[in-house]
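Comments concern the structure below.
For ligands, and for the atoms within them, numbers begin at 1 and follow the listed sequence. In this chain, numbering begins with 1 at the start of the sequence shown.
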Amino acid sequence: MYHSKITGVGHYVPENVVTNHDLEQLMDTSDAWIQERSGIQERRFYRPHEKGSTAKMAFHASKMAMERAGVTAADLDAIVFATLSSDYYFPGSGVLLQDMLGMDTKPAIDIRAQCSGFLYSLSVADQFIRSGMYKRILVVGSETQNIALDLTTRGRAIGVLFGDGAGAAVLEQHNEPGKGILSTHLHSEGKHAEILCLREPGTGNDTIIYEGMHENHDAINPQMDGRFVFKNAVRRMPEVVMEALTYNNLTLNDLDMLLPHQANLRISQMVQKLLRLPDEKIYNNIQKYGNTTAATIPILMSELWEQNRIKPGQLYALTAFGSGFTWASALIRW
Ligand code: UT7
């Protein structure tokens, strides 16, 4: 019986720091509003001179993860790449990263599950390893979101929340039961697809690009019913963490750390409260990066790795909720 475990994690964020005060110059907002409603203090936006497209940021994060895992591109069997902000409409960013890493003809799989994208990707990679098809997979989440944000007052409810960045993990086969990825749990509810979406470019208007597209503000900017997303996030994330624990005959007392998707500090705090977790058992970094969508969970893991806070034998729960709706969890015994 094969199992998978994470042997290295890495991340990359653009150098360009955009503070709430910087956003005050662009729209009618305030540092106080943003901090009070979301906990965000600053985020990173890539600038063209950094040459930081989604695949390139993923490349930097992947190199760090591979170095920490002690593997080279030649050792990898596949890439599973999550993003909602791919470099092209098609192909996905996975093949671009595959080429940058020089992975010959190894497969690259693109996953579109937005904020749950990394956990969906981890689950796909875990299944490939459990089946014995592959031994070593690079799992990536990377997002370049600033270019799709309306950074005027009209788009402020969404514009202040998101940031750019990338994270990656090397997943490897091992044979020790009870270690590594214990289980993954995936859900979606497509009836809420339009609650948080970006309509264009899409085929809903018969053609991908149509005349006048750039005048249709609602089509080319993300749309969100923030309160409805909030309510569902605080319900679904605790639910799917409990599903993972129950599946493994474990309880909240067994958990050493919860790494929740970073959409809003208030969401994380409510999830923490509902699960009755003490402060030392939850890790948040939204203050520095905003919501980096599929990149969030691997960035959290990579920061913990750097702080030497990931310890062998400890139990970690990862959970995410976002557009789709999609939500997911993974339970990891390190
Ligand atoms: O990964 C999943 C992605 N997204 C989420 O999980 C987001 C979930 N939702 C949320 O995080 C929150 O709903 C938000 C942070 C988006 C909004 O917080 P809220 O407490 O639900 O505020 P609201 O949307 O009800 O807006 C309150 C007020 C409104 O003004 P009025 O109607 O009361 O006069 C907004 O127009 O705040 C106004 N507002 C702003 N004011 C200053 C909205 N955005 C801003 C802004 N700066 N950036």
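Here the protein heavy atom with the shortest distance to atom 47 (N) of ligand 1 is Thr29 OG1, 2.6 Å. The single protein non-hydrogen atom nearest to atom 5 (C) of ligand 1 is Val229 CG1, 3.5 Å, given as residue, atom name and distance. The nearest heavy-atom contact from the protein to atom 21 (O) of ligand 1 is Arg227 NE, 3.1 Å. Shortest contact from atom 11 (O) of ligand 1 to any protein heavy atom: Asn264 ND2, 2.7 Å.
Listed by number with element, the atoms of ligand 1 under 4.0 angstrom from any heavy atom of Asn291 are 1 (O), 3 (C). The Met224 neighbourhood of ligand 1 comprises atoms 4 (N), 7 (C), 16 (C), with distances under 4.0 Å to a heavy atom of that residue. Every atom of ligand 1 with a heavy atom of Leu161 under 4.0 Å away is listed here by number and element: 16 (C). Each of the following atoms of ligand 1 lies closer than 4.0 Å to a heavy atom of Ala263: 1 (O), 2 (C), 5 (C), 6 (O). The Val160 neighbourhood of ligand 1 comprises atoms 48 (N), with distances under 4.0 Å to a heavy atom of that residue. With ligand atoms numbered from 1 in the order given, ligand 1 contributes 1 (O) to contacts under 4.0 Å with heavy atoms of His261.
Closest of all the heavy-atom pairs between Met57 and Thr144 is CE-OG1, 3.4 Å. The two residues Trp305 and Thr7 make their nearest non-hydrogen contact at CH2-O, 3.4 Å.
Residue Lys179 is tested with Lys5, His3, His174 for a side chain to side chain contact (heavy atoms under 4.5 Å, CB included); the sole match is His174. The side chain to side chain donor-acceptor pair (under 3.5 Å) test with Gln262 is passed by exactly one of Asn284, Asn291, Thr296: Asn284.
Looking at ligand 1, you'll find an N or O of Gly226 within less than 3.5 Å of one of its N or O atoms. Checking only distances, Arg156 does come within under 3.5 Å of ligand 1, N or O to N or O. The shortest N or O to N or O distance between Ser30 and ligand 1 is not below 3.5 Å. At a 3.5 angstrom cut-off on N or O pairs, Ser323 does not count as close to ligand 1.
In this structure, Tyr12 and His60 have tilted ring planes: the angle between them lies in the 30° to 60° band. Between His192 and Phe325, the ring planes are tilted. Angles from 30° to 60° get that label.
Ligand 1 lies nowhere less than 4.0 angstrom from a heavy atom belonging to Gln114. Heavy atoms of Met27 come nearer than 4.0 angstrom to ligand 1 in no pair at all. Ligand 1 does not have Leu23 within reach: every non-hydrogen atom of the residue lies 4.0 Å or more from it. Within the structure, ligand 1 has Leu196 among the residues with a heavy atom less than 4.0 angstrom away.
Using a 4.0 Å cut-off between a side-chain N of Lys or Arg and a carboxylate O of Asp or Glu, Glu280 and Arg309 do not qualify as a salt bridge. We find that Glu194 and Arg199 are joined by a salt bridge, their nearest charged nitrogen and carboxylate oxygen being less than 4.0 Å apart.
Under the 4.5 Å side-chain heavy-atom criterion for Ile, Leu, Val, Met, Phe, Trp and Tyr, Leu122 and Tyr134 are members of the same hydrophobic cluster. No chain of hydrophobic side-chain contacts below 4.5 Å, direct or via other Ile, Leu, Val, Met, Phe, Trp or Tyr residues, connects Met64 to Leu97. A continuous path of hydrophobic side-chain contacts links Val241 to Phe321 [ILVMFWY only; heavy atoms under 4.5 Å].
Within a 4.0 Å radius of atom 44 (N) of ligand 1, the protein has at least one heavy atom. Contact annotation for atom 41 (N) of ligand 1: protein present (non-hydrogen atoms, distance under 4.0 Å). Within a 4.0 Å radius of atom 32 (O) of ligand 1, the protein contributes no non-hydrogen atoms.
Between the CG atom in Leu23 and the CG atom in Asp28 there is a gap of 12.0 Å [rounded to 0.5 Å].
Residue Cys115 holds the heavy atom nearest to atom 1 (O) of ligand 1 of all those in Gly322, Cys115, Ala32. Nearest-heavy-atom check against atom 26 (O) of ligand 1 across Phe162, Phe228, Phe321, Trp33 picks out Trp33. Around atom 22 (O) of ligand 1, the closest heavy atom drawn from Arg266, Lys231, Arg37 belongs to Arg37.
The shortest side-chain heavy-atom distance between Glu172 and Val71 falls under the 4.5 Å cut-off. Two residues are said to be in side-chain contact when any heavy atoms from C-beta on lie closer than 4.5 Å; Leu277 and Val271 fail this criterion.
Neither the backbone nor the side chain of Ile34 comes within contact range of ligand 1; no heavy atom lies under 4.0 Å.
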